[in-house]
Amino acid sequence: MIAPLAYPTLLRMLRTPRLWMSLTAWCALVLAFAFAARSAGSLRGADYVLSRVYGALVVPFAAYVLVGAVLGGRSLRASTEPLASFGAAPARVAGAMVLVTAGACALLCAALGSVVALVAHGAADPPPVRDAIASGYAGALGGGAYAAWLSLGASFGRRGGGRVVWLAMDWLLGSNEGAAALFTPRGHLRNLLGDAPPMDLSERASAAALLALAAVCTLWAARRAE
Amino acid sequence: MIAFEGVSALRKPLAVTGITLSLGPGVHSIVGAQRDGGPLLLALLGGAARPRAGRVRVLGGSPTQASVRKQVARLPLDTVLPDALRVGEALAVAAAIRREPARGASDRLSVLALESLETRPLRSLSRAEMRSVAFVEALTSSQVRVLLVEEPLVGIDARAVGRVPQALRARAQEGCTVILSTASLRDAGELADDHVFLRHGSVVGVTRSLETLVAFSQNGARLLVVTRDLASARALVAAVARENDVDGVDLDGISVRVHGRDILALAKAAGRAAASAQIDPVELRVQAPTLDEARAAAGTSVSGTP
């Protein structure tokens with residue numbers, strides 16, 4: 001049952017050229033910073049680019065454009081209507097959409113995180129392969145959580161405009177080490193990428209929190225679509 | 001097959017109140033302007049809206065039940081399909097969701113003469129083509145047992161529109177319940193076996209035949225006779241005006257509108273007049289009452305569950 005519900009979302013991502021152009025632009029931006037750090041001989045180039053550019057800008061905005069492309073400028077509820085008209089439950093359609101988007105975003109962010117870690121690697125950074133694996137792992141968790149977070153945001157507002165509010169909320173609440181950052185993907189992704197943790201949380205706890213955040217947002221979004 | 005039990009619902013700007021109605025297999029029309037609540041009744045049956053009071057039953061269960069959803073197809077006026085897919089892919093996805101055996105898309109599309117759309121991306125289709133593809137999906141699904149169609153002959157591809165009445169009747173003969181919501185008495189009369197009249201969200205009357213309403217209409221019966229040319233039309237006006245059963249006659253180009261109390265007597269009178277004037281009418285058509293006339297007549301003359 002999941003496959004026919006997931007297939008249209010997958011094809012939508014593959015067949016939307018504007019999405020590919022946006023993603024290419026974001027990837028090019030972070031890679032440009034990575035190459036610049038490498039050519040400047042920065043000692044902690046990977047650390048800097050991953051936390052300040054990749055984690056702070058590229059992961060959230062890649063998730064934002066992916067969610068936007070999947071929803072096609074509609075709210076999450078409205079974007080379930082085409083498959084619901086074939087007899088599928090809107091909650092299941094929404095769940096499948098969020099899962100596929102989160103999966104695609106996780107894959108993209110994992111691959112990009114690993115490449116950035118390798119390209120921007122500096123002398124004071126951890127060993128490159130270990131750093132690439134850790135960055136890929138952090139990127140996958142962060143990308144998935146952001147996609148679910150923004151999909152939930154898109155369930156608010158007539159045309160899914162809530163995702164802008166949720167992106168801003170993530171920015172405002174997740175940019176410090178306070179308790180509020182515990183409830184945003186940004187706080188935990190910063191921790192996994194080597195920045196200051198929210199409430200002194202361990203990296204393992206932040207990874208679990210990102211998974212939990214993704215699960216809660218997916219379920220909540222599906223429920224709101226019903 | 002479907003039942004409303006004291007249902008009240010609100011989905012702005014539409015509202016319905018105290019609807020009690022049950023419909024079985026066949027083609028049924030809900031007649032009323034859009035604001036009278038017909039589309040909301042279809043949304044309630046399709047599980048897209050929930051009642052504030054009362055209960056809606058479809059195929060013995062709730063419309064939001066997974067097993068019921070698969071057997072219901074709803075076609076609102078603004079039908080949307082997954083636009084990243086091609087037409088053939090969309091029909092295959094629909095079959096997978098409804099858990100029915102896959103059939104060739106071309107075969108399915110041929111029901112409404114739309115085979116040429118098979119490989120077209122849905123996002124490249126016009127609204128009418130998109131709606132027609134959704135119609136094909138509903139008409140050719142082996143799982144669908146309840147079809148809910150808003151304005152069945154509006155916003156449909158020109159190639160398909162002529163085939164819709166026959167296709168709907170075929171589904172009804174297979175045991176499906178087809179419910180149409182329309183503001184057009186002509187469409188309702190052409191497609192449905194019985195008619196439920198809505199006004200301001202309430203049922204004001206139920207009738208099996210729109211023709212029976214003609215007799216109860218305050219303005220009497222109307223017959224339209226289309227002639228071949230203006231001279232024939234004028235000759236017919238002169239001849240028909242002499243008939244006793246005719247209360248009035250209007251000339252509109254090559255069409256002649258004849259008014260009277262009894263539709264059968266009017267038809268006979270028009271036939272006699274045509275014979276005496278030696279003209280050969282192209283078309284003789286009973287003119288349906290207006291929506292308000294029909295609702296008033298249905299409310300006072302014929303009522304009950306179809």
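All values reported here derive from a predicted model rather than from experimental measurement. Chain A is the first sequence line, chain B the second, and so forth, proteins listed ahead of strands; every chain is numbered from 1.
- Heavy-atom proximity under 4.5 angstrom to chain B picks out R77(A), E81(A), P82(A), L83(A), S85(A), F86(A) from residues 49-86 of chain A.
- With chain A as the partner, the residue from T64(B), D83(B), L75(B) showing the most heavy-atom pairs under 4.5 Å is D83(B).
- No donor-acceptor pair closer than 3.5 Å links the side chain of S124(B) to the backbone N or O of R120(B).
- Annotation: side chain of R15(A) is not in contact with side chain of W20(A) (no heavy-atom distance under 4.5 Å).
- A 4.5 Å side-chain heavy-atom check between H188(A) and L192(A) finds every atom pair outside the cut-off.
- Considering CG of L141(A) and SG of C109(A), their distance stands at 11.0 Å, rounded to 0.5 Å.
- In terms of heavy-atom pairs under 4.5 angstrom with chain A, the leader among V68(B), T79(B), V93(B) is V93(B).
- D194(B) places no side-chain N or O within 3.5 Å of a backbone atom of H28(B) that could act as its donor or acceptor partner.
- Taking R50(B), Q65(B), R98(B), R74(B) one by one and counting their heavy-atom pairs under 4.5 Å with chain A, the maximum is reached by R98(B).
- In this pair, W166(A) and W220(A) present their aromatic rings perpendicular. The plane angle is above 60°, beyond the 30 to 60° band.
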Original post:
Yes or no on salt bridge (Lys or Arg N to Asp or Glu O under 4.0 Å) for E226(A) and R223(A), after CA distance, side-chain angles and deciding distance?
Top reply: CA-CA 5 Å; E226(A) 184 61 66; R223(A) 195 177 161 77; over 6 Å; no
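- Remark: the backbone N or O of G18(B) is paired with a side-chain donor or acceptor of S8(B) at under 3.5 angstrom.
- If you measure heavy-atom distances from E89(B) to chain A, the contacts under 4.5 Å come from the side chain alone.
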